[in-house]
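Have a look at the structure below, then the notes.
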Amino acid sequence: DVDQDPNHQPPPANAKKKKKKKKGGYVKVVKFVPTEEGFFKEGGVADDAVVFTGGSNWSLAWSPLVQRDEVKRGQAKAKGSGAGAHTLYLAVGPHPSARKLNRVNELHSGFGLIQIVRVRCDGPGKRIAEARVSYTVAHDGAVTWGLTWCPEALLEALRRAGKVAEDHPGLLAACLGNGDVCIYACPGHAAVHSRHADPAADSGGVPALDMKPVAKSEALRRRKAVPSCVAWCRRDPFDLLVVGCWDGSVGVLKCQVGKGGEAEGNENSPESSSPAAHLSLLSFYLADLQPITCITWLETFALDGSLRGESFATAGHSGTFKVWNARQPQALLLQRNIYSHKYITGLVECPHPEGFLISTSDGFISFIRKTSDGYGVSSGQMANNCLYSIDINDAFFAVTTMTGEVRVGHIMQTLHERVCFKSKYIAFQRCVASVSLGEDKVLEVEGTLPTMTEKKEDYHSPHQVHCFKTAWMPPMPGCDNLMGIAHGYGSGLVQLQLLERETCVKYMCNMRKLR
């Protein structure tokens, strides 16, 4: 049962909160309006919205699709400079609220959902006009440990070949708690709601799709490995997925998409057919003695020019950063011990300057770079508590903490000209969001959002204020000054924010002068 108000209107600017009563269900949506204009002007936060998913948000990923509505002649002037709404999709894997504990490195089975959130940005200056769950994808893996979308170039190729519709968000790869790795052909919003135009949907329900995956691999489960994270190769022919596991093993899967015609549709799918796909295990080996929680492909940072797009990096609870050749199993190309007694919680590739940004459980971020005599590691403290994730967007990066804070920084201002951290301070530590648990079980979302109160029984986990994941939104054409970002909290909140690039840069420069 899913209950949601399709005619929900944002409250007036002077209102702290407006929340419509719900009958109960798995998905609820709450929209907040900023009240602290000074903070928004100073910190560069242009707009803010919150979606409540009903469970702890461990994984989330943005679709590469950015769809822009066509504006009819004569409407552009009326709508202003923001004419032509942009539509984006965010996949979220919340843990079921009924499951109080999900142990890692153990197989879990049972009902689970992947929620596809539809975000529309419209109006002068481009603000978040709508943020709601479009539909959900059901599976029997109970927990969704990791999510990743297919590369944008692959989606474009499928669209040109007529395999998917124009508004198709793409192919979504998911690591499930039962050990399976599945690929779903997620349809667009219009295709889903045209087929599920029933009274339940009209009254605010969200369609729950029981779609069969277009490809599924049980190879890891048969080897008693539980996947924890997944990454899709961004280099042509986009045929490799690498999966990290909770027992320290790594599996490289070959994914053949669009060959052999079309996959069979099913009764509950909104489309009669989907692009055919096939997953096969190429290699499987032990890459670490501790759980692997971070995995990514090397696109710009390469040990050899011939290895671009063919090597990947792993990191996790051992505190060790490793680079592997995907075409040669167990070919270890680089190994650096970042921390021997700390976890590596986040790992992203930095295109400029070339290297890797790493977040750790002691509040530090590290940068791995090339040097004249090999590879060097430099570190700096970003927070006083555990960092959970890190993501990068062009010249900016964002990290999240266990206390619910999201800190945004500028890479080049944070690093020296010689590419190492400032010895006295980090150039910018602007907190754009903060969640804390006050008295009487009041969940306080500080900084950009007013206070939100829920019932006492809604809180059953000590991790409710943790910000587990952050992900930058794909750039919107014609909106070069806006940067979008999403944060997933343990409380069930998914926060969506639009930041003004120029204002952020100016604010960071002012902070640097003050220090």
Only one of R68, R120, Q67 clears side-chain hydrogen bond (donor to acceptor under 3.5 Å, both in side chains) with T87; which?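 Running side-chain hydrogen bond (donor to acceptor under 3.5 Å, both in side chains) over R68, R120, Q67 with T87 returns exactly one hit, R120.
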
Identified side-chain contact (heavy atoms from CB on, under 4.5 Å) counterpart of L496 within the set L88, L90, V50: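 The passing option is L90.
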
Step-by-step side-chain hydrogen bond (donor to acceptor under 3.5 Å, both in side chains) determination, S359 to T345: CA-CA 6 Å; S359 62; T345 57; 3.0 Å; yes

ring-ring contact (aromatic ring centres under 6.0 Å, His included) with W297: which residues, sequence neighbours excluded?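 Result, ring-ring contact (aromatic ring centres under 6.0 Å, His included) vs W297: F312.
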
Could you tell me if T400 and S389 have a donor-acceptor pair between their side chains, going purely by distance under 3.5 Å?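 Present: a donor and an acceptor within the cut-off.
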
For T293 and S228, test the side chains for any donor-to-acceptor distance below 3.5 angstrom and give the result as yes or no.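 There is no such pair (donor and acceptor under 3.5 Å, judged by atom type) between the side chains of T293 and S228.
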
Are I368 and F321 close enough, and set up right, to give a side-chain contact (heavy atoms from CB on, under 4.5 Å), and what steps lead you there? CA-CA 9 Å; I368 297 181; F321 168 84; 3.3 Å; yes

Applying side-chain contact (heavy atoms from CB on, under 4.5 Å) to K469 and V92, what does each step give before you reach the verdict? CA-CA 10 Å; K469 199 73 173 180; V92 185; over 6 Å; no

Evaluate whether atom CZ of R103 has more than 12 neighbouring non-hydrogen atoms of other residues, nucleotides or ligands under 6.0 angstrom away.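 It does not: R103 CZ has 12 such atoms or fewer within range.
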
Would you say that more than 12 heavy atoms from the other residues, nucleotides or ligands in this model lie under 6.0 Å from the OH of Y343, or not?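 Not buried by this count: 12 neighbours or fewer within 6.0 Å.
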
Ignoring hydrogens and geometry, is there a side-chain-to-backbone donor-acceptor pair from [X] to [Y] under 3.5 Å?
X	Y	answer
D247	S249	yes
N385	G363	no
S59	T144	yes

Could you list the donor-acceptor pairs under 3.5 angstrom formed by side chains in residues 275-292, with sequence neighbours left out?
unit_1	atom_1	unit_2	atom_2	d
D288	OD1	Q290	N	3.4
D288	OD1	S318	OG	3.2
D288	OD2	S318	OG	2.6

Is any side-chain heavy atom of [X] closer than 4.5 Å to a side-chain heavy atom of [Y]?
X	Y	value
W472	V408	yes
I114	T136	no
Y135	P187	yes
F356	V348	no
L107	R221	yes
C150	F238	no
Y184	H139	yes
Y489	V406	yes

Minimum heavy-atom separation for [X] to [Y], with atom names?
X	Y	answer
W62	Y89	CE3-O, 3.4 Å
A91	L172	CB-CD2, 3.9 Å
L155	P169	CD2-O, 3.6 Å
A191	D167	N-OD2, 4.4 Å
L147	G93	CD1-N, 3.7 Å
L113	P94	O-CD, 3.9 Å

Euclidean distance, [Y] [atom2] relative to [X] [atom1], rounded to 0.5 Å:
X	Y	atom1	atom2	result
L60	Q115	CG	CD	11.5 Å
T314	Q335	OG1	CD	9.0 Å
M476	H86	CE	NE2	6.5 Å
D362	C386	CG	SG	8.5 Å
I344	L387	CD1	CG	12.0 Å
I116	S63	CD1	OG	8.5 Å

Given the rule in the side-chain contact (heavy atoms from CB on, under 4.5 Å) test, do E166 and R159 qualify, once you have shown the distances and angles that lead to the verdict? CA-CA 6 Å; E166 288 294 325; R159 188 179 293 118; 3.0 Å; yes

Do the ring planes of W58 and W145 sit parallel (below 30°), tilted (30 to 60°) or perpendicular (above 60°)?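 The arrangement is perpendicular - the two ring planes meet at more than 60°.
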
Would you call the rings of H466 and Y388 parallel, tilted or perpendicular, taking 30° and 60° as the class edges?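 Geometry flag for Y388 against H466: tilted rings.
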
For H108 and V226, what are the C-alpha separation, side-chain angles and deciding distance, and is it a side-chain contact (heavy atoms from CB on, under 4.5 Å)? CA-CA 9 Å; H108 302 281; V226 181; 6.0 Å; no

